[in-house]
Amino acid sequence: MFRTHDCNSLRKSDIGGQVTLAGWVNVTRDHGGVIFIDLRDREGLTQVVFRPEENAELAREAHTLRSEDVIQVSGRVAARLPGTENPNLATGDVELIPSKLRILNRADTLPFPIDAEPQNEDLRMTHRYFDLRRPRLARNLRVRHRAAKATRDYLDSQGFVEVETPILSKSTPEGARDFLVPSRITPGKFYALPQAPQQYKQLLMVAGVEKYFQIAKCFRDEDMRADRQLEFTQIDIEASFVTPDDIFIVTEGMLAAIFKAALNIDVKTPFDRLTYRDAVNRFGSDKPDRRFGIELVDLGEIFRESSFKVFRSALDASGVVKAINAKGFAGITIGQADELTEIAKLHGAKGLAFIKIENGEWKSPIVKFFSEKEKTALQSKLNIEEGDCVFFGADKWQIACEVLGRLRVRIAEIQDLLGRARQRQSGSDPGAPEWDFLWVTDFPLFEWSPEENKWNAMHHPFTRPKAEDMPLFEAKKFPDVRAEAYDIVLNGVEIGGGSMRIHEPELQDKMFEALGISSEDRQSQFGHLLRALRLGAPPHGGIALGLDRLVMLICDEQSIRDVMAFPKNNRGLDLMSNSPAEVDPRQLRDLGIKLAKEKNL
RNA sequence: GGAGCCUUAGCUCAAUUGGUUAGAGCGCCGCCCUGUCACGGCGGAGGUUGCGGGUUCGAGCCCCGUAGGCUCCGCCA
């Protein structure tokens with residue numbers, strides 16, 4: 001037996017016993033005579049004490065130990081001397097007096113200290129196996145495991161069956177850029193790694209599985225972000241003979257089970273629901289963070305007849321005038337105002353108008369254009385008080401809402417409305433974080449792509465239109481057609497989305513037509529699906545949740561990299577293994593691939 | 001494809017307005033230290049200030065370029 005206990009299990013009741021522990025040297029405290037070693041394994045720490053008078057040979061060897069050496073020690077469990085107990089340690093009442101020490105492996109000088117937060121992410125990624133030893137990341141891996149296990153247990157209890165779908169699959173024209181895998185056996189042809197198991201899970205519904213799920217790896221060859229990696233994991237769910245409510249209920253139950261398992265938190269269900277239109281109207285976002293206020297207020301009524309040209313012309317062009325009131329933000333600095341103006345311009349605004357209310361005075365170059373009536377109406381509608389700062393958006397609906405929505409989030413960060421900076425500074429227990437779950441429903445079915453000059457599916461091409469909007473769909477009033485599609489949002493982060501699918505071949509064909517996919521392409525790209533729909537496809541729908549993002553939020557991390565064992569950096573490089581890498585020319589020859597010459601710069 | 005911030009010892013950081021030999025803590029090496037728990041004490045090694053160019057009597061600091069990292073926009077059905 002390699003060890004009899006882990007490093008977090010010895011207690012007073014074990015005193016006098018003979019035990020063997022194994023682990024890493026967490027820290028050494030060498031007094032010249034007596035030497036203390038904190039031995040660490042994944043469960044915790046136990047103090048090991050070497051005394052020259054007990055065993056001079058062992059003590060001499062213990063002097064050579066350094067951080068992260070791997071050792072095995074056997075000996076007697078002893079009570080600590082009175083007054084030297086460590087209440088901060090679960091094993092702090094006892095210590096191990098070894099009679100045997102095996103140095104299993106010595107560690108080089110460490111690339112970075114394991115007990116501090118390294119700033120250099122490059123360095124962390126290069127030595128990822130070492131970084132993962134740090135308690136924070138070790139905890140994250142285990143929280144992730146518990147979340148995944150709770151997912152399987154819960155969905156199993158609801159009758160869902162986990163089915164694996166191919167990683168080597170087929171490229172489709174819609175959606176993200178595919179990762180391609182060349183076929184050796186069929187030269188010149190390629191598999192694609194799945195962006196999601198979307199078609200397979202629908203085909204499983206045709207197959208009569210009825211309730212499917214999978215914790216599935218997905219691949220998208222797009223640029224990365226803190227919450228986006230080339231490969232990521234989805235909790236993928238699909239069910240037959242269901243309505244959106246059925247999907248909502250099972251998702252809510254699953255998330256409650258995950259939060260119970262990971263954090264021992266009871267999540268309140270059912271979650272609130274907001275239509276896409278309301279979400280954008282009130283929060284300027286289809287994934288609103290409702291943990292703070294600053295809601296968007298529509299001012300169309302007030303300025304309909306205004307003599308202020310900027311507002312009036314926006315309204316006359318059937319746009320909107322909206323505003324947010326940042327309470328107590330009149331002290332905004334010039335730098336902050338510049339930054340917010342930049343954000344506004346970046347998202348399509350021509351500029352940013354705002355009013356500071358200081359010393360009872362409305363300070364802004366635009367106030368002089370307002371009538372008394374307009375000012376009074378503004379004051380009451382926005383609840384304007386001393387110290388407030390009001391920001392305006394006057395533009396097309398989409399742009400005005402998005403701009404104010406972005407400002408809203410940034411202002412909340414600047415004002416620290418979630419108290420994160422304070423929590424970090426005080427170092428105190430931040431208390432229970434607030435978990436704001438929200439369903440956003442009734443997404444538009446289509447989205448206009450100016451680049452391609454065509455309509456694209458906002459969710460995906462298999463999403464069904466809302467039944468009541470079918471006449472609009474038939475009439476090709478595409479911008480007005482709503483989809484039977486929904487997103488699940490947690491604290492302003494989109495953690496999942498899904499829809500009811502099209503199960504009628506005729507409707508699917510019309511959808512492809514609307515998306516400008518030729519009949520030939522429909523057959524070559526989606527022929528199998530269309531054929532399947534003709535063989536008794538049941539009504540079905542589902543959802544997919546981003547496991548990485550969900551675990552990131554649960555672990556209070558800022559990046560999904562910190563909840564993945566071996567993530568890639570933001571250029572898609574694995575700095576540890578140095579992938580991607582060149583391959584042997586023979587491998588390319590086998591695949592019938594010839595590299596193009598590098599571009600001359 | 002674009003924008004912002006960053007890059008000084010193994011790590012985390014400092015270095016006044018451009019001015020002497022680029023410092024500190026931790027780590028590492030050596031010596032001392034018998035109840036610590038981030039043990040302590042003394043000493044030592046360790047630097048092409050990412051790289052290239054420019055301005056200057058003089059550049060870690062100013063300018064230009066470039067590489068890398070992170071964040072964001074585009075992109076992500």
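Letters A, B, ... mirror the listed sequences (proteins, then strands); counts begin at 1. Just so you know, these numbers use all the heavy atoms, side chains as well, and skip hydrogens, waters and symmetry mates.
Taking only side-chain atoms of A:D122, from C-beta outward, the nucleotide of B:C11, B:U71, B:G69 with the closest atom is B:G69. Distance from the side chain of A:Q47 is smallest for B:U36 among the nucleotides B:G74, B:C39, B:U36. Considering only side-chain atoms of A:R225, the nucleotide from B:G74, B:C11, B:C37 that sits closest is B:G74. Proximity note for A:A176 (side chain, C-beta onward) versus B:C76, B:U71, B:C37: the nearest is B:C76. Relative to the side chain of A:Q119, the nucleotides B:C33, B:C13, B:C73 differ in distance, and B:C13 lies closest. Taking only side-chain atoms of A:P52, from C-beta outward, the nucleotide of B:U34, B:C28, B:C73 with the closest atom is B:U34. For A:E95, taking side-chain heavy atoms from C-beta onward, the closest of the listed nucleotides B:G74, B:C73, B:U36 is B:U36. Distance from the side chain of A:T109 is smallest to B:G27 among B:G69, B:G27, B:C73. Side chain of A:R66, nearest nucleotide from B:U36, B:C70, B:G30: B:G30.
The interatomic distance linking A:I37 (CD1) with B:U36 (P) rounds to 16 Å, in whole Å. Distance A:Q336 CD to B:G4 C1': 17 Å, rounded to the nearest Å. Atom CG of A:D38 is separated from atom P of B:A38 by 8 Å (rounded to the nearest Å). At whole-Å resolution of the value, CG in A:N26 and P in B:U36 are 19 Å apart. Taking atom CG of A:D227 as the reference point, atom P of B:C73 lies 9 Å away to the nearest angstrom. Distance, A:I97 CD1 to B:U36 C1': 13 Å, rounded to whole Å. One can place CG of A:L110 at 10 Å from C1' of B:C28, the figure rounded to the nearest angstrom. What separates CG of A:L123 from C1' of B:G27 is a distance of 13 Å, to the nearest Å.
At distances below 3.5 Å, at least one donor-acceptor pair connects side-chain atoms of A:R408 with backbone N or O atoms of A:I294. Panel note: side chain A:R220, backbone A:L230; no donor-acceptor pair is recorded below 3.5 Å.
Among the protein residues, A:R410 comes within range of no part of the nucleic acid, since none of its heavy atoms lies under 4.0 Å from any strand. Residue A:E339 is classed as having no contact, given no heavy-atom separation below 4.0 Å to the nucleic acid. Residue contacts shown for A:N569 are limited to sugar-phosphate atoms, with no base heavy atom under 4.0 Å away. At the heavy-atom level, A:R561 lies under 4.0 Å from the strands shown only through sugar-phosphate atoms. Using a 4.0 Å heavy-atom distance criterion, A:P111 is classed as a sugar-phosphate-only contact. Nucleic acid contact for A:E53: base, since at least one base atom lies under 4.0 Å from a heavy atom of the residue. The residue A:M224 sits apart from the nucleic acid: no heavy atom pair falls under 4.0 Å. As judged by a 4.0 angstrom heavy-atom cut-off over every strand, A:Q198 is placed among the base-contacting residues.
In A:K287, the NZ atom is not crowded: 12 or fewer heavy atoms of neighbouring residues, nucleotides or ligands sit closer than 6.0 Å. Counting non-hydrogen atoms of other residues, nucleotides and ligands closer than 6.0 Å to CH2 of A:W439 gives a total above 12. Remark: A:F190 CZ is packed, more than 12 non-hydrogen atoms of other residues, nucleotides or ligands lying under 6.0 Å away. The neighbour count for A:K170 NZ, taken as heavy atoms of other residues, nucleotides or ligands under 6.0 Å away, is above 12.
Position along RNA chain B of the nearest nucleotide to A:K568 versus A:E402 favours A:K568 as the more 5'-ward residue.
Remark: B:A59 base-pairs with no nucleotide in the shown strands. Criterion, Watson-Crick or G-U wobble with two distances under 3.5 Å. The pairing partner recorded for B:A24 is B:U12, the criterion being a Watson-Crick or G-U wobble arrangement whose two distances lie under 3.5 angstrom. Nucleotide B:G30 has B:C42 as its partner under the Watson-Crick or G-U criteria, with both atom distances under 3.5 Å. Nucleotide B:C5: paired with B:G69 (Watson-Crick or G-U wobble, both distances less than 3.5 Å). Base pairing of B:U36 is not made with any nucleotide, judged by Watson-Crick or G-U wobble geometry with both donor-acceptor distances under 3.5 Å.
Scanning atom types as modelled, no donor and acceptor separated by under 3.5 angstrom connect the side chain of A:R220 and the base of B:C76. If you check distances only, the side chain of A:D223 never reaches the base of B:C76 with a donor-acceptor pair under 3.5 Å.
Annotation: the span from A:I37 atom CD1 to A:L96 atom CG amounts to 11.0 Å, rounded to 0.5 Å.
Residue A:F36 and nucleotide B:U36 are classified as a stacked aromatic pair, their ring centres being separated by less than 5.5 Å at an interplanar angle below 30°. Ring-to-base geometry does not place A:H31 in a stacked arrangement with B:U36 (centre distance under 5.5 Å, plane angle under 30° required).
Comparing B:U8 with B:A24, their C1' atoms are spaced 13 Å from each other, to the whole Å. B:G53 sits 23 Å from B:G19 when the P atoms are compared, rounded to a whole Å. B:G54 and B:G60: their P atoms are spaced 15 Å apart (whole Å). Spacing of P atoms, B:A22 relative to B:G65, comes out at 30 Å, to the nearest Å. Rounded to whole Å, the C1' atom of B:U7 lies 16 Å from the corresponding atom of B:G52.
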Kindly indicate, with the supporting measurements, whether the criterion ring pair (Phe, Tyr, Trp, His ring centres under 6.0 Å) is fulfilled by A:F526 and A:F462.
CA-CA 11 Å; A:F526 302 107; A:F462 318 112; 5.8 Å; yes
Can you check ring pair (Phe, Tyr, Trp, His ring centres under 6.0 Å) on A:F36 and A:H31, steps first, answer last?
CA-CA 8 Å; A:F36 300 96; A:H31 289 243; 5.5 Å; yes
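Not one side-chain nitrogen or oxygen of A:R80 sits closer than 4.0 Å to the OP1 or OP2 atom of B:C37. Residue A:N570 places at least one side-chain N or O under 4.0 Å from the OP1 or OP2 atom of B:C70. For the OP1/OP2 pair of B:C39 and a distance below 4.0 Å, the side-chain nitrogens and oxygens of A:R29 include at least one atom meeting the criterion. Distances shorter than 4.0 Å separate some side-chain N or O of A:R571 from OP1 or OP2 on B:G69.
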